[in-house]
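Below: the structure, in structure tokens.
Treat the numbers as computed from the prediction; the structure is a model and nothing was measured.
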Amino acid sequence: MSEPAVVVGPEPARSDAPAPPARAPRRRRVPLSTRLRRDWQLLAMVAPGFGILLVFSYLPIAGNVIAFQDYNPYLGDNPWQAFTHSNWIGFGQFQLLFDDPAFWDAFRNTLAITAFQLVFFFPLPIVLAVMLHNLLSSRLRGLVQTIVYLPHFFSWVLVVTFFVAMFGGAGLLAQTMRDAGMQPWNVMTDPGTFIVLVTAEAVWKDVGWGTIVFLAALSTIDQSLYEAAAADGAGRWRRLWHITLPGLRPVIVLLLILRLGDALSVGFEQFLLQRDAVGRQAAEVLDTFVYHFSIATGNYGYGAAAGLFKAVVGLVLILAANRVAHLLGERGIYAKS
């Protein structure tokens, strides 16, 4: 006698099996008109800043097109006619630029000053911020902050005048050395020490202002971490190395990336004021090069080519530095979501 066939059905679901994840409900997109009516106060608040950014940062980008022209502003009755009547020469301006020894002198000076200031200037606001953060007296901290912030509001004319009065040929240091029977130092007119001079001027003017961001970052570090480390026997230096510096690291990386992107813009007024005293070979940077070889001579296409070159190099440096930051585990200035 044959056995009855057994029908195998689907296995009953187990009560302990994990439930499939619930799909998140799709958010309903709010219409643009509704968002404008809802956020008009915020939009009105940011409108002036957006307008300034648009007029002075984004609209001038269109002017880079004259880097590919033999631009003559006197052709026609208005800038548009001058643009349309100027001859297109492609990369001719860039070829002239790269064949100019004065351009490469300015380029080398700019890179040397940037590298020197990254080593001897960039860490100083961090050190000053940590020192101010560790002051026990809030009144003393406020007094020191006021003193070190004040030079930031001085113009470069006043800063250079102050250094001339202190270290110039007829300045206080030279007079004191003469009275002591010594030969005074040639500080303000020595091309060999010009890079140290401009860095010292930048430190005196902006080191206090640069501490603001780092002080804000220090204020976000949980104070219980310091208390727990002190209870475990960690000294001041161990707390600095294991708590303070890791808390500042994201801000340091961010500002370092932005500084690298601005590596070819070390300043204009500061170098223009001292160029004649030390000579073009020592004080010429890319910004002053554009002024003397483009704006002052009316060769605007040549200056636009130099400015576009600066922008491209800065963009490449920002992307490369941000990529390195991602490889080291930092967020950088942006991260892929």
Crowded around Tyr149 OH? As in, over 12 foreign heavy atoms under 6.0 Å? yes
Is Leu272 linked to Trp156 within one hydrophobic cluster, defined over Ile, Leu, Val, Met, Phe, Trp and Tyr using a side-chain heavy-atom separation of less than 4.5 Å? no
Between Arg238 and Trp241 (side chain of the first, backbone of the second, donor and acceptor by atom type, cut-off under 3.5 Å), is there such a pair? no
Report yes or no: do Ile295 and Leu308 belong to one cluster of Ile/Leu/Val/Met/Phe/Trp/Tyr joined by side chain heavy-atom distances under 4.5 Å? no
Can you find a pair of side-chain heavy atoms, one from Asn186 and one from Thr193, that are under 4.5 Å apart? no
Minimum heavy-atom separation for Thr161 and Val157, please, with both atom names. OG1-O, 2.6 Å
When you group the ILVMFWY residues by side-chain heavy-atom contacts below 4.5 Å and let the links chain together, are Val313 and Leu319 in the same group? no
Does any part of the side chain of Leu264, heavy atoms only, come nearer than 4.5 Å to the side chain of Thr114, both counted from C-beta? no
If you draw a 6.0 Å radius around CE in Met131, do more than 12 non-hydrogen atoms from other residues or ligands fall strictly inside? no
Just checking Trp104: does its CH2 atom have more than 12 heavy atoms from other residues, nucleotides or ligands closer to it than 6.0 angstrom? yes
Supply the atom-to-atom distance Phe271 CZ to Asp287 CG, rounded to the nearest 0.5 angstrom. 9.0 Å
Going through the checks in order, is the side-chain contact (heavy atoms from CB on, under 4.5 Å) test met by Met45 and Leu42? CA-CA 5 Å; Met45 183 177 64; Leu42 297 176; 4.1 Å; yes
With a 4.5 Å limit on heavy-atom distance, are the side chains of Phe116 and Val198 in contact? no
Treat each ILVMFWY residue as a node, draw an edge where side-chain heavy atoms are under 4.5 Å apart, and state whether Phe194 and Met188 are in one component. yes
Centre-to-centre under 6.0 Å for Phe94 and Phe68, is that the case here? yes
I'd like to know if the side chain of Asp222 pairs up with that of Ser224 as donor and acceptor (distance under 3.5 Å, no hydrogens or angles considered). yes
Would you tell me whether Tyr302 and Asp100 have side-chain atoms, one donor and one acceptor, within less than 3.5 Å of each other? yes
Across all chains, not counting sequence neighbours, the ring pair (Phe, Tyr, Trp, His ring centres under 6.0 Å) partners of Phe122 are none
Flag if over 12 foreign heavy atoms under 6.0 Å of CH2, Trp88: yes
Looking at every heavy atom in both Ala325 and Ile257, which two are closest together, and how far apart are they? CB-CD1, 3.9 Å
Among Trp204, Phe167, Phe154, whose ring pair (Phe, Tyr, Trp, His ring centres under 6.0 Å) with Phe162 holds? Trp204
Side chains of Asn299 and Phe293 in contact at under 4.5 Å (non-hydrogen atoms): no
side-chain contact (heavy atoms from CB on, under 4.5 Å) for Leu118 and Leu256? Distances and angles first, verdict last. CA-CA 9 Å; Leu118 279 177; Leu256 182 60; 3.9 Å; yes
Qualifying residues under ring pair (Phe, Tyr, Trp, His ring centres under 6.0 Å), relative to Phe103, sequence neighbours excluded: Phe289, Phe309
Reported CG-to-CZ distance for the pair Leu158 and Phe153, which is rounded to 0.5 angstrom: 13.5 Å
Any pair counted as salt bridge (Lys or Arg N to Asp or Glu O under 4.0 Å), so long as it reaches residues 107-126, sequence neighbours left out: Asp105-Arg108
Write down the atom of Ala129, the atom of Leu218, and the distance for their closest heavy-atom approach. O-CD1, 3.6 Å
With a sphere of 6.0 Å drawn around CZ of Arg236, does it hold more than 12 non-hydrogen atoms of other residues, nucleotides or ligands? no
Keeping the roles fixed (side chain from Thr34, backbone from Val30), state whether a donor-acceptor pair exists under 3.5 Å. no
Side chains of Ile212 and Gln145: closer than 4.5 Å at any heavy-atom pair? no
Transitively linked via ILVMFWY side-chain contacts under 4.5 Å: Met166 with Val148? no
Any side-chain heavy atom of Val65 within less than 4.5 Å of one from Tyr71? no
Hey, mind stepping through Phe83 and Leu75 against side-chain contact (heavy atoms from CB on, under 4.5 Å) and telling me if it holds? CA-CA 8 Å; Phe83 167 73; Leu75 293 177; over 6 Å; no
For Ala102 versus Arg280, what's the shortest heavy-atom pair and its separation? CB-NH1, 3.7 Å
Under the criterion side-chain contact (heavy atoms from CB on, under 4.5 Å), I'd like the reasoning laid out for Gln270 against Lys205: C-alpha separation, chi angles, the key distance, then a yes or no. CA-CA 11 Å; Gln270 180 187 13; Lys205 186 177 188 297; over 6 Å; no
Going by atom types alone, do Gln93 and Gln69 pair a side-chain donor with an acceptor below 3.5 Å? no
One should read off an interatomic distance between Ile126 CD1 and Thr244 OG1, to the nearest 0.5 angstrom, of 12.0 Å
Just by modelled atom types, is the Leu96 backbone N or O under 3.5 Å from a matching donor or acceptor in the Asp99 side chain? no
In Å, rounded to the nearest 0.5 Å, how long is the span from OH of Tyr58 to CG of Leu54? 9.0 Å
What's the spacing between Ile195 CD1 and Asn109 CG if we round to 0.5 Å? 8.5 Å
Crowding at CD, Gln81 (>12 non-hydrogen neighbours, <6.0 Å): yes
Hey, does the side chain of Arg141 reach the backbone of Leu132 with a donor-acceptor pair shorter than 3.5 angstrom? yes
Donor-acceptor contact below 3.5 Å, side chain Thr288 vs main chain Phe268: no
Indicate the atoms forming the closest heavy-atom contact of Ala229 with Arg239, along with that distance. CB-CG, 4.0 Å
Might you confirm whether atom CZ of Arg35 has over 12 heavy atoms from other residues, nucleotides or ligands at distances under 6.0 Å? yes
Are side-chain heavy atoms of Glu201 and Gln274 found at a separation under 4.5 Å? yes
Distance-only, no hydrogens or angles: does the Asn134 side chain make a donor-acceptor pair with backbone N or O of Val130 under 3.5 Å? yes
Check whether any side-chain heavy atom of Pro191 lies under 4.5 Å from a side-chain heavy atom of Gln281, and answer yes or no. no
Write down the atom of Ala263, the atom of Leu317, and the distance for their closest heavy-atom approach. CB-CD1, 4.0 Å
State the CG-OG1 distance between Leu197 and Thr189, to the nearest 0.5 angstrom. 10.0 Å
